[in-house]
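Take a look at this one; I'll ask things after.
Convention: sequence-line order gives letters A, B, ...; per-chain numbering from 1.
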Amino acid sequence: MGPKPGVVSIGQVARATGLSERQIRYYERKGIVRPERTPGGHRVFRPEEVERLKALAAWLHRGYTLAEAEARLSETRPERRLEELPARDAVFRPDPASLYPLRGHDPILRRIRERDGDG
DNA sequence: TTTCTGACA
DNA sequence: TGTCAGCA
């Protein structure tokens, strides 16, 4: 039988949040989430952790940096549906990357990033 | 098959 | 952050 009720694997969390497993592991390192571990060392996420990552992902998917998304985590209320969170573009400057369907080595984008001091 | 850690691009 | 190696 499965482990505990509501507990999910990193793969399931990745699919539920749209985040990569790589990102989730990195966020654990940063202390943003503390999943439990199975005797075998595999991460197991409780429902609260999944919701926390969904909220974080919601901010990230709207253009916020990890630091900004993490900061806004404490002010993300349940009554405020994640789909309604304001996009970063509406608060700060436009995200150059969203203006072009290009990858990440475009010379023009490079200039813009250097100008904005974005990494 | 899935996840884990470490490491490189 | 993506991705690969080598395990469990």
Side-chain angles (χ1 to χ4, degrees):
Chain A
M1 313 311 174
K4 298 178 182 178
V7 167
V8 297
S9 69
I10 190 172
Q12 293 178 299
V13 176
R15 291 189 291 264
T17 62
L19 295 172
S20 65
E21 295 180 13
R22 179 75 170 73
Q23 286 177 296
I24 297 170
R25 295 188 182 107
Y26 179 62
Y27 300 158
E28 177 188 19
R29 264 205 133 192
K30 299 279 288 186
I32 299 176
V33 286
R34 329 292 258 206
E36 300 293 309
R37 294 281 182 152
T38 65
H42 288 199
R43 298 174 177 74
V44 285
F45 299 78
R46 310 186 98 265
E48 305 78 70
E49 300 280 41
V50 177
E51 292 310 304
R52 186 178 176 70
L53 285 171
K54 280 185 177 179
L56 184 75
W59 289 111
L60 292 174
H61 292 162
R62 281 171 175 61
Y64 292 83
T65 63
L66 178 58
E68 292 166 348
E70 184 182 3
R72 298 212 171 204
L73 225 39
S74 61
E75 56 180 83
T76 303
R77 302 299 179 220
E79 73 275 11
R80 211 172 166 191
R81 303 192 317 198
L82 298 181
E83 302 72 46
E84 301 177 338
L85 297 181
R88 186 175 191 275
D89 303 22
V91 183
F92 301 96
R93 64 181 182 290
D95 173 14
S98 68
L99 302 177
Y100 304 85
L102 303 175
R103 257 314 184 183
H105 299 312
D106 182 78
I108 297 178
L109 292 183
R110 185 166 193 167
R111 282 190 53 200
I112 296 177
R113 296 203 185 83
E114 294 175 339
R115 182 200 64 187
D116 293 354
D118 218 274

How long is the gap from OG1 on T17(A) to CD1 on I24(A), to the nearest 0.5 Å? 4.5 Å
Using the side chain to side chain contact (heavy atoms under 4.5 Å, CB included) criterion, which residues pair with E28(A)? Sequence neighbours excluded. V33(A), P35(A), R37(A), R43(A)
Quick one: label G40(A) by what it contacts on the DNA or RNA (base, sugar-phosphate, nothing), any heavy atom closer than 4.0 Å. nothing
So the contacted stretch of DNA chain B, first to last nucleotide with an atom under 4.0 Å from a non-hydrogen atom of chain A, runs from dT3(B) to dA7(B)
dist E70(A):CD -> T65(A):OG1 (nearest 0.5 Å) comes out at 9.5 Å
Protein-to-nucleotide contact annotation, 5' to 3' order, nucleotides 3-8 of chain C [B base; S sugar-phosphate only; - none; under 4.0 Å, heavy atom]: B-----
Can you list, in residue-number order, the parts of residues 10-19 of chain A that come under 4.0 Å of DNA chain B, counting heavy atoms only? I10(A), G11(A)
Can you tell me if Q12(A) uses its side chain to pair, donor with acceptor, with the backbone of S9(A) under 3.5 Å? yes
Taking all heavy atoms of E21(A) and all of A14(A), pick out the closest pair and write down the distance. CG-CB, 4.0 Å
What residues in residues 25-32 of chain A put a non-hydrogen atom under 4.0 Å from any atom of DNA chain C? Y26(A), Y27(A)
What distance do I32(A) atom CD1 and L66(A) atom CG have between them, rounded to the nearest 0.5 Å? 4.0 Å
Could you tell me the separation between the CG atom of L56(A) and the OH atom of Y27(A), rounded to the nearest 0.5 Å? 6.0 Å
Exam field: side chain E49(A) to backbone R34(A), donor-acceptor pair closer than 3.5 Å: yes
Is R52(A) paired with E48(A) through a side-chain N to carboxylate O contact shorter than 4.0 Å? no
Would you check if the side chain of R62(A) reaches a backbone N or O of L85(A) as a donor-acceptor pair within less than 3.5 Å? yes
Identify the two heavy atoms, one from W59(A) and one from Y64(A), that lie closest to each other, and give their separation to 0.1 Å. O-CD1, 3.1 Å
Annotated structure of DNA chain C as dot-bracket, pair cut-off 3.5 Å, Watson-Crick or G-U only, | for inter-strand, is ||||||.|
